[in-house]
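These figures come from a predicted structure and were not determined experimentally. Chain naming here is simple, since letters A, B, ... match the order of the sequence lines and numbering starts at 1 in each.
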2 protein chains.
Amino acid sequence: MAIADDGGLAGLTIRSLAKSLETKPMSLYHYVRNKDEILDGIVDAIFNEIELPVPGGEWKAELKRRATSARKVLRRHPWAIALMESRTTPGMANLRHHDAVLGTLRSAGFSLALAAHTYALLDAYVYGSALQEASLPFDGPESLAEVAGPMVEMFSAGDYPHLREFALQHVLQPGYDFADEFDFGLDLILDGLAAHLPHPVGGIEAAEA
Amino acid sequence: MAIADDGGLAGLTIRSLAKSLETKPMSLYHYVRNKDEILDGIVDAIFNEIELPVPGGEWKAELKRRATSARKVLRRHPWAIALMESRTTPGMANLRHHDAVLGTLRSAGFSLALAAHTYALLDAYVYGSALQEASLPFDGPESLAEVAGPMVEMFSAGDYPHLREFALQHVLQPGYDFADEFDFGLDLILDGLAAHLPHPVGGIEAAEA
DNA sequence: TAGCATTCTCGTACTTTGTACGATACCTTC
DNA sequence: GAAGGTATCGTACAAAGTACGAGAATGCTA
(Lines give C-alpha, C1' and ligand atoms only; values in the text may rest on other atoms or scores of the structure.)
Protein backbone atom coordinates (compact mmCIF):
# COMPACT_ATOMS: atom_id res chain seq x y z
CA MET A 1 0.00 0.00 0.00
CA ALA A 2 2.87 2.37 0.71
CA ILE A 3 4.21 1.69 -2.75
CA ALA A 4 0.85 2.34 -4.40
CA ASP A 5 0.40 5.46 -2.30
CA ASP A 6 3.36 7.12 -3.84
CA GLY A 7 3.70 5.49 -7.21
CA GLY A 8 0.12 4.78 -8.11
CA LEU A 9 -1.27 1.34 -8.66
CA ALA A 10 0.95 0.93 -11.71
CA GLY A 11 3.97 1.48 -9.50
CA LEU A 12 3.14 -1.60 -7.51
CA THR A 13 4.79 -4.41 -9.41
CA ILE A 14 6.15 -7.68 -8.17
CA ARG A 15 9.59 -6.30 -8.80
CA SER A 16 9.02 -3.03 -6.96
CA LEU A 17 7.40 -4.84 -4.07
CA ALA A 18 10.30 -7.26 -3.85
CA LYS A 19 12.78 -4.41 -3.89
CA SER A 20 11.01 -2.59 -1.08
CA LEU A 21 11.04 -5.81 0.94
CA GLU A 22 14.72 -6.24 0.16
CA THR A 23 14.26 -9.54 -1.56
CA LYS A 24 13.91 -10.84 -5.09
CA PRO A 25 10.73 -11.04 -7.16
CA MET A 26 10.35 -14.79 -7.16
CA SER A 27 10.70 -15.04 -3.42
CA LEU A 28 7.30 -13.50 -3.01
CA TYR A 29 5.70 -16.42 -4.77
CA HIS A 30 6.41 -18.63 -1.87
CA TYR A 31 3.97 -16.71 0.28
CA VAL A 32 1.44 -15.79 -2.33
CA ARG A 33 -0.11 -17.64 -5.19
CA ASN A 34 -0.04 -14.72 -7.58
CA LYS A 35 -0.35 -10.98 -7.75
CA ASP A 36 -4.13 -11.08 -7.57
CA GLU A 37 -3.89 -12.59 -4.14
CA ILE A 38 -1.81 -9.62 -3.03
CA LEU A 39 -4.37 -7.25 -4.48
CA ASP A 40 -7.21 -9.05 -2.73
CA GLY A 41 -5.33 -8.69 0.50
CA ILE A 42 -4.83 -5.00 -0.07
CA VAL A 43 -8.53 -4.45 -0.66
CA ASP A 44 -9.32 -6.14 2.60
CA ALA A 45 -6.70 -4.05 4.34
CA ILE A 46 -8.44 -0.98 2.99
CA PHE A 47 -11.69 -2.14 4.53
CA ASN A 48 -9.88 -2.55 7.79
CA GLU A 49 -8.96 1.11 7.76
CA ILE A 50 -12.58 2.20 7.57
CA GLU A 51 -14.24 2.88 10.92
CA LEU A 52 -17.05 0.53 11.76
CA PRO A 53 -20.31 1.83 13.17
CA VAL A 54 -20.60 1.32 16.91
CA PRO A 55 -23.39 -1.19 17.67
CA GLY A 56 -25.41 0.81 20.18
CA GLY A 57 -25.11 4.24 18.56
CA GLU A 58 -27.67 6.45 16.91
CA TRP A 59 -27.96 5.18 13.35
CA LYS A 60 -27.65 8.46 11.52
CA ALA A 61 -24.53 9.51 13.35
CA GLU A 62 -23.00 6.08 12.98
CA LEU A 63 -23.65 5.87 9.27
CA LYS A 64 -22.30 9.34 8.79
CA ARG A 65 -19.16 8.50 10.67
CA ARG A 66 -18.63 5.39 8.63
CA ALA A 67 -19.26 7.16 5.35
CA THR A 68 -16.93 9.99 6.26
CA SER A 69 -14.26 7.56 7.32
CA ALA A 70 -14.61 5.54 4.14
CA ARG A 71 -14.26 8.63 2.06
CA LYS A 72 -11.20 9.73 3.97
CA VAL A 73 -9.59 6.35 3.45
CA LEU A 74 -10.33 6.38 -0.25
CA ARG A 75 -8.91 9.86 -0.52
CA ARG A 76 -5.74 8.69 1.14
CA HIS A 77 -5.53 5.73 -1.25
CA PRO A 78 -7.14 6.89 -4.48
CA TRP A 79 -5.82 3.90 -6.38
CA ALA A 80 -7.92 1.64 -4.16
CA ILE A 81 -11.13 2.49 -5.96
CA ALA A 82 -9.99 0.97 -9.21
CA LEU A 83 -8.80 -2.05 -7.29
CA MET A 84 -12.08 -2.62 -5.54
CA GLU A 85 -13.91 -2.76 -8.79
CA SER A 86 -11.73 -5.45 -10.23
CA ARG A 87 -11.73 -7.85 -7.26
CA THR A 88 -14.80 -9.96 -6.72
CA THR A 89 -13.90 -12.23 -3.81
CA PRO A 90 -14.68 -10.36 -0.60
CA GLY A 91 -12.28 -10.72 2.30
CA MET A 92 -13.00 -11.02 5.97
CA ALA A 93 -12.72 -7.34 6.77
CA ASN A 94 -15.14 -6.66 3.97
CA LEU A 95 -17.69 -9.10 5.33
CA ARG A 96 -17.24 -7.90 8.90
CA HIS A 97 -17.78 -4.40 7.66
CA HIS A 98 -21.01 -5.19 5.87
CA ASP A 99 -22.24 -7.13 8.83
CA ALA A 100 -21.65 -4.24 11.21
CA VAL A 101 -23.47 -1.77 9.02
CA LEU A 102 -26.41 -4.10 8.58
CA GLY A 103 -26.48 -4.60 12.32
CA THR A 104 -26.70 -0.88 12.94
CA LEU A 105 -29.52 -0.53 10.45
CA ARG A 106 -31.51 -3.46 11.75
CA SER A 107 -31.35 -2.41 15.37
CA ALA A 108 -32.45 1.06 14.36
CA GLY A 109 -35.64 -0.45 13.03
CA PHE A 110 -34.84 -0.70 9.34
CA SER A 111 -36.72 -3.49 7.61
CA LEU A 112 -34.64 -5.87 5.54
CA ALA A 113 -35.88 -4.21 2.39
CA LEU A 114 -35.10 -0.74 3.63
CA ALA A 115 -31.71 -1.89 4.87
CA ALA A 116 -30.95 -3.18 1.39
CA HIS A 117 -31.99 0.11 -0.16
CA THR A 118 -29.96 2.02 2.35
CA TYR A 119 -26.85 -0.02 1.92
CA ALA A 120 -26.95 0.17 -1.83
CA LEU A 121 -27.62 3.88 -1.79
CA LEU A 122 -25.04 4.88 0.76
CA ASP A 123 -22.30 2.75 -0.66
CA ALA A 124 -22.98 3.90 -4.17
CA TYR A 125 -22.73 7.46 -2.98
CA VAL A 126 -19.54 6.99 -1.02
CA TYR A 127 -17.74 5.09 -3.74
CA GLY A 128 -19.10 7.37 -6.41
CA SER A 129 -17.88 10.43 -4.57
CA ALA A 130 -14.48 8.90 -4.15
CA LEU A 131 -14.42 7.96 -7.81
CA GLN A 132 -15.37 11.48 -8.75
CA GLU A 133 -12.71 13.06 -6.64
CA ALA A 134 -10.09 10.66 -7.82
CA SER A 135 -10.80 11.42 -11.45
CA LEU A 136 -10.71 15.16 -11.05
CA PRO A 137 -7.65 16.57 -12.75
CA PHE A 138 -6.90 18.76 -9.76
CA ASP A 139 -6.29 18.13 -6.13
CA GLY A 140 -7.64 20.64 -3.64
CA PRO A 141 -8.90 24.17 -4.12
CA GLU A 142 -5.52 25.70 -4.98
CA SER A 143 -4.71 23.61 -8.01
CA LEU A 144 -8.33 23.79 -9.13
CA ALA A 145 -7.78 27.32 -10.42
CA GLU A 146 -4.60 26.31 -12.20
CA VAL A 147 -6.37 23.60 -14.11
CA ALA A 148 -9.86 24.99 -14.60
CA GLY A 149 -8.83 28.54 -15.48
CA PRO A 150 -6.96 27.75 -18.71
CA MET A 151 -9.57 25.17 -19.60
CA VAL A 152 -12.41 27.65 -19.46
CA GLU A 153 -10.38 30.07 -21.58
CA MET A 154 -10.32 27.45 -24.29
CA PHE A 155 -14.08 27.35 -24.62
CA SER A 156 -14.64 29.40 -27.74
CA ALA A 157 -17.26 31.98 -26.87
CA GLY A 158 -20.51 30.19 -27.64
CA ASP A 159 -19.64 26.63 -26.63
CA TYR A 160 -20.71 25.27 -23.30
CA PRO A 161 -22.29 28.46 -21.97
CA HIS A 162 -23.60 26.90 -18.79
CA LEU A 163 -20.34 25.19 -18.03
CA ARG A 164 -18.58 28.47 -18.54
CA GLU A 165 -20.90 30.39 -16.24
CA PHE A 166 -20.65 27.63 -13.70
CA ALA A 167 -16.89 27.60 -13.74
CA LEU A 168 -16.36 31.35 -13.71
CA GLN A 169 -19.04 32.37 -11.27
CA HIS A 170 -19.05 29.48 -8.87
CA VAL A 171 -16.24 26.97 -9.05
CA LEU A 172 -13.46 29.51 -9.54
CA GLN A 173 -14.76 31.84 -6.86
CA PRO A 174 -12.67 31.98 -3.71
CA GLY A 175 -13.96 29.73 -1.00
CA TYR A 176 -15.24 26.99 -3.25
CA ASP A 177 -13.95 23.57 -2.37
CA PHE A 178 -15.23 20.54 -4.16
CA ALA A 179 -14.56 18.44 -1.09
CA ASP A 180 -17.42 20.23 0.67
CA GLU A 181 -19.93 18.75 -1.75
CA PHE A 182 -19.72 15.42 -0.02
CA ASP A 183 -21.49 16.43 3.17
CA PHE A 184 -24.40 18.02 1.38
CA GLY A 185 -25.22 14.81 -0.44
CA LEU A 186 -24.63 12.65 2.58
CA ASP A 187 -27.01 14.66 4.73
CA LEU A 188 -29.62 14.76 2.03
CA ILE A 189 -29.49 11.00 1.71
CA LEU A 190 -29.60 10.35 5.43
CA ASP A 191 -32.53 12.70 5.91
CA GLY A 192 -34.32 11.05 3.04
CA LEU A 193 -33.81 7.68 4.62
CA ALA A 194 -35.09 8.86 7.96
CA ALA A 195 -38.36 9.73 6.29
CA HIS A 196 -38.74 6.12 5.23
CA LEU A 197 -38.52 4.78 8.74
CA PRO A 198 -41.69 3.65 10.52
CA HIS A 199 -41.19 6.17 13.36
CA PRO A 200 -40.37 9.22 11.25
CA VAL A 201 -38.57 11.35 13.78
CA GLY A 202 -38.74 8.76 16.49
CA GLY A 203 -37.81 8.63 20.14
CA ILE A 204 -34.18 8.46 21.09
CA GLU A 205 -34.24 4.71 21.15
CA ALA A 206 -36.66 1.83 21.69
CA ALA A 207 -37.56 0.98 18.16
CA GLU A 208 -37.01 -2.75 18.08
CA ALA A 209 -38.49 -5.59 20.08
CA MET B 1 -15.40 -0.90 -27.57
CA ALA B 2 -16.64 -4.11 -29.13
CA ILE B 3 -13.37 -5.76 -28.18
CA ALA B 4 -13.59 -4.53 -24.59
CA ASP B 5 -17.23 -5.59 -24.41
CA ASP B 6 -16.39 -9.18 -24.91
CA GLY B 7 -12.87 -9.50 -23.63
CA GLY B 8 -12.76 -6.97 -20.86
CA LEU B 9 -10.54 -3.96 -20.84
CA ALA B 10 -7.50 -6.20 -20.66
CA GLY B 11 -8.54 -7.80 -23.92
CA LEU B 12 -8.18 -4.52 -25.71
CA THR B 13 -4.55 -4.40 -26.72
CA ILE B 14 -2.92 -2.69 -29.64
CA ARG B 15 -2.42 -6.09 -31.17
CA SER B 16 -6.01 -7.26 -30.69
CA LEU B 17 -7.32 -3.99 -32.01
CA ALA B 18 -5.09 -4.22 -35.06
CA LYS B 19 -6.20 -7.75 -35.72
CA SER B 20 -9.87 -6.82 -35.56
CA LEU B 21 -9.19 -4.00 -38.00
CA GLU B 22 -7.31 -6.42 -40.20
CA THR B 23 -4.09 -4.52 -40.07
CA LYS B 24 -0.85 -4.64 -38.13
CA PRO B 25 -0.16 -3.13 -34.71
CA MET B 26 2.15 -0.37 -35.80
CA SER B 27 -0.22 0.85 -38.47
CA LEU B 28 -2.49 2.21 -35.78
CA TYR B 29 0.19 4.60 -34.67
CA HIS B 30 -0.24 6.58 -37.82
CA TYR B 31 -3.69 7.67 -36.70
CA VAL B 32 -3.14 7.85 -32.99
CA ARG B 33 -0.33 9.12 -30.83
CA ASN B 34 -0.52 6.31 -28.32
CA LYS B 35 -2.90 3.96 -26.60
CA ASP B 36 -4.02 6.58 -24.12
CA GLU B 37 -5.41 8.62 -26.98
CA ILE B 38 -7.53 5.66 -27.97
CA LEU B 39 -8.77 5.25 -24.43
CA ASP B 40 -9.62 8.95 -24.17
CA GLY B 41 -11.60 8.58 -27.35
CA ILE B 42 -13.47 5.62 -25.98
CA VAL B 43 -14.43 7.50 -22.84
CA ASP B 44 -15.84 10.28 -24.92
CA ALA B 45 -17.70 7.78 -27.06
CA ILE B 46 -19.24 6.41 -23.88
CA PHE B 47 -20.48 9.87 -22.99
CA ASN B 48 -21.99 10.10 -26.42
CA GLU B 49 -24.10 7.06 -25.72
CA ILE B 50 -25.71 8.66 -22.69
CA GLU B 51 -28.97 10.48 -23.35
CA LEU B 52 -28.80 14.21 -22.76
CA PRO B 53 -31.57 15.98 -20.90
CA VAL B 54 -33.92 17.83 -23.20
CA PRO B 55 -33.60 21.61 -22.63
CA GLY B 56 -37.24 22.49 -22.07
CA GLY B 57 -38.28 19.44 -20.04
CA GLU B 58 -39.31 19.08 -16.45
CA TRP B 59 -36.07 18.85 -14.49
CA LYS B 60 -36.85 15.82 -12.40
CA ALA B 61 -37.92 13.72 -15.32
CA GLU B 62 -34.98 14.85 -17.39
CA LEU B 63 -32.44 14.11 -14.70
CA LYS B 64 -34.00 10.75 -14.09
CA ARG B 65 -33.87 9.90 -17.75
CA ARG B 66 -30.26 10.91 -17.97
CA ALA B 67 -29.29 8.96 -14.87
CA THR B 68 -31.12 5.88 -16.04
CA SER B 69 -29.50 6.12 -19.43
CA ALA B 70 -26.05 6.56 -17.93
CA ARG B 71 -26.54 3.53 -15.79
CA LYS B 72 -27.71 1.47 -18.70
CA VAL B 73 -24.67 2.47 -20.72
CA LEU B 74 -22.31 1.62 -17.89
CA ARG B 75 -24.00 -1.72 -17.45
CA ARG B 76 -23.48 -2.44 -21.10
CA HIS B 77 -19.82 -1.46 -20.84
CA PRO B 78 -18.77 -2.29 -17.30
CA TRP B 79 -15.10 -1.84 -18.12
CA ALA B 80 -15.78 1.82 -18.86
CA ILE B 81 -15.98 2.75 -15.21
CA ALA B 82 -12.38 1.87 -14.54
CA LEU B 83 -11.42 3.75 -17.67
CA MET B 84 -13.20 6.91 -16.67
CA GLU B 85 -11.36 7.04 -13.42
CA SER B 86 -7.97 6.92 -15.02
CA ARG B 87 -8.47 9.54 -17.76
CA THR B 88 -8.33 13.16 -16.71
CA THR B 89 -8.63 15.10 -19.95
CA PRO B 90 -12.33 15.48 -20.71
CA GLY B 91 -13.44 15.17 -24.32
CA MET B 92 -16.04 17.16 -26.20
CA ALA B 93 -18.93 14.81 -25.54
CA ASN B 94 -18.09 14.94 -21.87
CA LEU B 95 -18.17 18.73 -21.82
CA ARG B 96 -21.32 18.89 -23.89
CA HIS B 97 -22.90 16.49 -21.49
CA HIS B 98 -22.05 18.50 -18.41
CA ASP B 99 -23.18 21.65 -20.10
CA ALA B 100 -26.58 20.20 -20.93
CA VAL B 101 -27.21 18.98 -17.42
CA LEU B 102 -26.20 22.31 -15.94
CA GLY B 103 -28.50 24.02 -18.41
CA THR B 104 -31.41 21.90 -17.29
CA LEU B 105 -30.72 22.64 -13.65
CA ARG B 106 -30.27 26.36 -14.12
CA SER B 107 -33.45 26.84 -16.10
CA ALA B 108 -35.34 24.90 -13.46
CA GLY B 109 -34.33 27.52 -10.96
CA PHE B 110 -31.35 25.86 -9.31
CA SER B 111 -28.83 28.33 -7.93
CA LEU B 112 -25.23 27.82 -8.94
CA ALA B 113 -24.48 26.42 -5.53
CA LEU B 114 -27.41 24.03 -5.60
CA ALA B 115 -26.56 23.01 -9.13
CA ALA B 116 -23.08 22.13 -7.96
CA HIS B 117 -24.43 20.08 -5.10
CA THR B 118 -26.87 18.38 -7.39
CA TYR B 119 -24.34 17.53 -10.01
CA ALA B 120 -21.88 16.13 -7.55
CA LEU B 121 -24.54 14.12 -5.78
CA LEU B 122 -26.24 12.67 -8.81
CA ASP B 123 -23.05 11.77 -10.60
CA ALA B 124 -21.57 10.22 -7.52
CA TYR B 125 -24.68 8.11 -7.17
CA VAL B 126 -24.82 7.01 -10.78
CA TYR B 127 -21.15 6.13 -11.02
CA GLY B 128 -21.18 4.57 -7.61
CA SER B 129 -24.13 2.38 -8.50
CA ALA B 130 -22.44 1.32 -11.68
CA LEU B 131 -19.26 0.59 -9.77
CA GLN B 132 -21.19 -1.46 -7.27
CA GLU B 133 -22.94 -3.51 -9.87
CA ALA B 134 -19.79 -4.05 -11.83
CA SER B 135 -17.98 -5.39 -8.80
CA LEU B 136 -20.69 -7.79 -7.77
CA PRO B 137 -19.57 -11.34 -8.34
CA PHE B 138 -22.87 -12.22 -9.94
CA ASP B 139 -24.82 -10.90 -12.87
CA GLY B 140 -28.58 -10.80 -12.59
CA PRO B 141 -30.97 -12.47 -10.17
CA GLU B 142 -30.41 -16.01 -11.45
CA SER B 143 -26.70 -16.23 -10.87
CA LEU B 144 -27.07 -14.40 -7.57
CA ALA B 145 -28.33 -17.55 -5.91
CA GLU B 146 -25.52 -19.60 -7.40
CA VAL B 147 -22.90 -17.32 -5.92
CA ALA B 148 -24.48 -16.14 -2.69
CA GLY B 149 -25.88 -19.47 -1.59
CA PRO B 150 -22.60 -21.34 -1.18
CA MET B 151 -21.02 -18.23 0.26
CA VAL B 152 -23.56 -17.97 3.05
CA GLU B 153 -23.07 -21.66 3.79
CA MET B 154 -19.44 -20.92 4.51
CA PHE B 155 -20.21 -18.51 7.32
CA SER B 156 -19.53 -20.62 10.34
CA ALA B 157 -22.59 -20.32 12.55
CA GLY B 158 -21.81 -17.27 14.65
CA ASP B 159 -19.94 -15.11 12.16
CA TYR B 160 -21.67 -12.30 10.38
CA PRO B 161 -25.15 -12.93 11.78
CA HIS B 162 -26.73 -9.89 10.18
CA LEU B 163 -25.20 -10.62 6.82
CA ARG B 164 -26.52 -14.14 7.10
CA GLU B 165 -30.03 -13.05 7.96
CA PHE B 166 -29.91 -10.47 5.22
CA ALA B 167 -28.80 -12.95 2.61
CA LEU B 168 -31.13 -15.76 3.55
CA GLN B 169 -34.26 -13.79 4.27
CA HIS B 170 -34.04 -11.03 1.76
CA VAL B 171 -31.46 -11.28 -0.98
CA LEU B 172 -32.00 -14.94 -1.71
CA GLN B 173 -35.78 -14.67 -1.65
CA PRO B 174 -37.46 -15.01 -5.01
CA GLY B 175 -38.24 -11.70 -6.60
CA TYR B 176 -35.23 -9.85 -5.28
CA ASP B 177 -33.21 -8.12 -7.95
CA PHE B 178 -30.33 -5.91 -7.00
CA ALA B 179 -30.89 -3.86 -10.12
CA ASP B 180 -34.10 -2.53 -8.59
CA GLU B 181 -32.16 -0.78 -5.86
CA PHE B 182 -31.11 1.91 -8.26
CA ASP B 183 -34.49 3.54 -8.65
CA PHE B 184 -35.13 3.76 -4.95
CA GLY B 185 -31.99 5.79 -4.38
CA LEU B 186 -32.50 7.90 -7.44
CA ASP B 187 -36.00 8.90 -6.40
CA LEU B 188 -34.92 9.58 -2.87
CA ILE B 189 -32.20 11.89 -4.10
CA LEU B 190 -34.40 13.71 -6.58
CA ASP B 191 -37.10 14.24 -3.98
CA GLY B 192 -34.53 15.50 -1.54
CA LEU B 193 -33.26 17.96 -4.10
CA ALA B 194 -36.75 19.21 -4.86
CA ALA B 195 -37.10 20.18 -1.22
CA HIS B 196 -34.08 22.46 -1.61
CA LEU B 197 -35.60 24.44 -4.44
CA PRO B 198 -37.04 27.91 -3.77
CA HIS B 199 -40.49 26.89 -5.11
CA PRO B 200 -40.85 23.56 -3.29
CA VAL B 201 -43.46 21.91 -5.44
CA GLY B 202 -43.65 24.67 -7.99
CA GLY B 203 -45.90 25.41 -10.92
CA ILE B 204 -45.55 23.38 -14.06
CA GLU B 205 -43.16 25.86 -15.56
CA ALA B 206 -42.32 29.55 -15.40
CA ALA B 207 -39.47 29.50 -12.95
CA GLU B 208 -36.84 31.52 -14.76
CA ALA B 209 -36.87 34.94 -16.37
C1' DT C 1 24.88 -35.89 16.17
C1' DA C 2 23.78 -37.52 11.45
C1' DG C 3 20.50 -37.74 8.01
C1' DC C 4 16.56 -36.37 5.90
C1' DA C 5 12.60 -33.51 4.78
C1' DT C 6 10.48 -29.45 4.58
C1' DT C 7 10.60 -24.60 3.90
C1' DC C 8 12.35 -20.74 1.71
C1' DT C 9 15.17 -18.20 -1.81
C1' DC C 10 16.13 -16.79 -6.27
C1' DG C 11 18.66 -17.21 -11.22
C1' DT C 12 17.06 -17.90 -15.68
C1' DA C 13 13.95 -17.54 -19.16
C1' DC C 14 9.45 -17.26 -21.57
C1' DT C 15 5.25 -14.54 -22.71
C1' DT C 16 2.62 -10.46 -23.34
C1' DT C 17 2.39 -5.73 -23.44
C1' DG C 18 3.31 -0.76 -25.51
C1' DT C 19 5.84 1.47 -28.80
C1' DA C 20 10.53 3.54 -31.01
C1' DC C 21 12.84 3.34 -35.36
C1' DG C 22 13.28 3.23 -39.97
C1' DA C 23 12.35 1.01 -44.40
C1' DT C 24 9.02 0.40 -47.84
C1' DA C 25 4.88 1.01 -50.66
C1' DC C 26 1.36 4.03 -52.39
C1' DC C 27 -0.80 8.24 -54.12
C1' DT C 28 -1.18 12.68 -55.52
C1' DT C 29 0.48 16.91 -58.10
C1' DC C 30 3.17 19.22 -61.12
C1' DG D 1 7.74 10.55 -64.82
C1' DA D 2 9.80 12.80 -60.70
C1' DA D 3 8.98 14.56 -55.94
C1' DG D 4 7.14 14.47 -51.74
C1' DG D 5 3.88 13.58 -48.66
C1' DT D 6 0.83 9.74 -46.62
C1' DA D 7 0.22 5.27 -44.98
C1' DT D 8 1.91 0.56 -43.79
C1' DC D 9 4.46 -2.50 -41.13
C1' DG D 10 8.92 -5.67 -39.91
C1' DT D 11 12.02 -5.70 -36.30
C1' DA D 12 13.32 -4.98 -31.83
C1' DC D 13 13.47 -3.37 -27.04
C1' DA D 14 11.84 -2.60 -22.26
C1' DA D 15 8.91 -3.73 -18.57
C1' DA D 16 5.51 -6.80 -16.65
C1' DG D 17 3.90 -11.47 -14.55
C1' DT D 18 5.42 -15.78 -13.52
C1' DA D 19 6.84 -21.12 -14.68
C1' DC D 20 10.61 -24.05 -13.61
C1' DG D 21 13.83 -25.98 -10.95
C1' DA D 22 18.31 -25.62 -8.46
C1' DG D 23 20.18 -24.48 -4.36
C1' DA D 24 20.38 -22.89 0.69
C1' DA D 25 18.51 -22.79 5.26
C1' DT D 26 16.05 -24.76 8.82
C1' DG D 27 13.97 -28.08 11.69
C1' DC D 28 12.78 -32.94 13.07
C1' DT D 29 13.61 -37.59 13.88
C1' DA D 30 16.45 -41.64 15.05
Side-chain angles (χ1 to χ4, degrees), chain A residues 1-47 74 77-94 131 134-135 137, chain B residues 1-47 74 77-94 131 134-135 137:
Chain A
M1 289 170 67
I3 296 175
D5 280 343
D6 64 49
L9 199 50
L12 174 61
T13 68
I14 292 288
R15 285 162 172 63
S16 68
L17 179 57
K19 184 165 288 176
S20 100
L21 293 173
E22 291 178 347
T23 180
K24 300 295 157 63
M26 289 314 293
S27 302
L28 304 181
Y29 284 88
H30 181 73
Y31 303 92
V32 143
R33 197 186 317 275
N34 50 36
K35 193 180 176 183
D36 275 358
E37 207 168 281
I38 298 177
L39 298 179
D40 280 335
I42 290 182
V43 168
D44 223 42
I46 292 279
F47 272 101
L74 291 178
H77 312 297
W79 44 265
I81 305 160
L83 248 198
M84 302 176 71
E85 187 206 5
S86 57
R87 330 269 88 221
T88 51
T89 43
M92 279 189 346
N94 189 338
L131 190 64
S135 59
Chain B
M1 288 171 67
I3 296 175
D5 280 343
D6 64 48
L9 200 51
L12 173 60
T13 68
I14 292 289
R15 286 164 174 52
S16 68
L17 179 57
K19 184 166 289 178
S20 100
L21 293 174
E22 292 179 343
T23 181
K24 300 295 158 64
M26 289 315 291
S27 302
L28 304 182
Y29 284 88
H30 181 72
Y31 304 91
V32 144
R33 198 186 315 277
N34 50 37
K35 191 179 178 183
D36 276 358
E37 207 168 282
I38 298 176
L39 297 180
D40 279 335
I42 289 182
V43 169
D44 223 42
I46 293 280
F47 272 103
L74 292 178
H77 311 297
W79 44 264
I81 305 161
L83 248 197
M84 301 176 71
E85 187 203 7
S86 58
R87 330 271 85 222
T88 51
T89 43
M92 278 190 345
N94 188 339
L131 190 65
S135 59

Notebook entry, point to check: What is the distance from NZ of Lys35(B) to P of dT16(C), rounded to the nearest Å?
Noted result: 15 Å

Notebook entry, point to check: Expressed in angstrom and rounded to an integer, what is the separation of Ile14(B) atom CD1 from dT17(C) atom P?
Noted result: 11 Å

Note to self: Could you check whether any side-chain heavy atom of Met84(B) comes within less than 4.5 Å of a side-chain heavy atom of Leu74(B), counting everything from C-beta outward?
What the structure shows: yes

Check: Nearest-Å distance, CG (Asn34(B)) to P (dT17(C))?
Finding: 17 Å

Notebook entry, point to check: For Asp36(B) and dT17(C), what is the distance between atoms CG and P respectively, to the nearest whole Å?
Noted result: 17 Å

Next item on the list: Under the side-chain hydrogen bond (donor to acceptor under 3.5 Å, both in side chains) rule, collect the residues that match up with Ser20(A), sequence neighbours excluded.
Entry: none

Next item on the list: Assign a letter to each nucleotide of nucleotides 7-14 of chain D from its 5' end: B, base within under 4.0 Å of a protein heavy atom; S, sugar-phosphate only; -, no contact.
Entry: BBBBB---

Next item on the list: Output the distance between atom NZ (Lys35(A)) and atom CG (Asp40(A)), rounded to the nearest 0.5 Å.
Entry: 12.5 Å

Next item on the list: Using atom CD of Glu37(A) as one end and atom C1' of dG17(D) as the other, report the distance to the nearest whole Å.
Entry: 15 Å

Next item on the list: Check the distance between dG17(D)'s C1' and Leu39(A)'s CG and give it to me in whole angstrom.
Entry: 12 Å

Margin query: Rounded to whole Å, how long is the line connecting atom CG of Leu17(A) with atom C1' of dT18(D)?
Written below: 14 Å

Notebook entry, point to check: dG17(D) P sits how many Å from Lys19(A) NZ, rounded?
Noted result: 13 Å

Note to self: Suppose we screen for salt bridge (Lys or Arg N to Asp or Glu O under 4.0 Å). Which residues come up paired with Asp36(A), at least two apart in sequence or across chains?
What the structure shows: Arg87(A)

Note to self: More than 12 heavy atoms of other residues, nucleotides or ligands under 6.0 Å from CE of Met1(A): yes or no?
What the structure shows: yes

Checklist line | Euclidean distance, Leu12(B) CG relative to Leu17(B) CG, rounded to 0.5 Å | finding: 6.0 Å

